[in-house]
Structure formats: structure tokens, C-alpha cells
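Working notes, beginning with the structure itself.
Atoms within a ligand are numbered from 1 in the order they appear, just like the ligands themselves.
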Amino acid sequence: MANLPANLHITYQLQYRKCGKASCGTCKKGPGHGPYWYAYWREGSKLRSGYVGKVQPAGVPQSVVARAEARLALIRVGA
Ligand SMILES: [Zn+2]
């Protein structure tokens, strides 16, 4: 898990990632590997991100989880 800043506002998103391997069946037939949680935050004007993993990060509000899963549902149907 990435080192996340404790003093900044972090937003969490569930995302699929392509591994880039031409022979990977998972990426060929779907949106990629995952979903995995990623954290996003701003440091000054820079948007930073960090890999969190498959397990939902502690302290994520249920509303954020619901929104992340709703976005995933759109990705799954190819919208
Ligand atoms: Zn893959």
C-alpha cells in the first residue's frame, strides 16, 4: 500500500488497470485487473495518486463506496 499523506484530503476511487501484457486474457475480455482502490490527493497544484489495493481503505464513507461502485458499473457495461 502506498504511503498516503495523513494531513491532506484524500479521495478514493475503485479502478481497473490493464497490465499491458499482450497475452493477458483478463485484459483482453474485460476492463482489466481489479477493481482496486486508489487514493488521490493534491499536493499544491499536483494531483498525486497511490495504489491502495483490493481491500476498502479504513474510514471511507459509505457514500464514497456507493459512488465508486456506481462508476464501476458503468465501466463494466462499456459506457
Ligand atoms: Zn492483464
Side-chain angles (χ1 to χ4, degrees):
M1 173 166 168
N3 244 343
L4 307 178
N7 57 336
L8 296 172
H9 177 73
I10 297 176
T11 54
Y12 291 99
Q13 283 188 6
L14 271 169
Q15 296 182 339
Y16 287 95
R17 283 291 148 101
K18 306 249 182 195
C19 65
K21 288 180 195 137
S23 60
C24 178
T26 303
C27 292
K28 215 172 276 179
K29 67 172 162 39
H33 301 263
Y36 301 119
W37 285 95
Y38 286 82
Y40 290 87
W41 67 94
R42 279 191 179 279
E43 278 178 26
S45 60
K46 273 197 181 136
L47 183 65
R48 311 291 297 268
S49 65
Y51 173 73
V52 177
K54 269 204 187 262
V55 179
Q56 182 186 316
V60 178
Q62 191 53 46
S63 59
V64 171
V65 176
R67 213 177 321 142
E69 285 174 349
R71 282 188 68 244
L72 272 194
L74 290 177
I75 292 167
R76 283 199 194 99
V77 296

For a quick test of reading the model, state the closest non-hydrogen atom pair linking [X] to [Y] and the distance between them.
X: Leu72; Y: Tyr16; result: CD2-CE1, 3.5 Å
X: Thr26; Y: Gly32; result: CG2-O, 3.5 Å
X: Pro5; Y: Ile10; result: O-CD1, 3.3 Å
X: Cys24; Y: His33; result: SG-NE2, 3.3 Å

Query - Atom pair OH/CH2 of Tyr51 and Trp37 - distance to nearest 0.5 Å - result: 13.0 Å
Report summary line: Excluding water, the protein N, O or S atoms sitting under 2.8 Å from the Zn ion (ligand 1) are Cys19 SG, Cys24 SG, Cys27 SG, His33 NE2
Query raised in the report: Between Tyr12 and Tyr38, does the ring centroid distance fall short of 6.0 Å?
Result: no
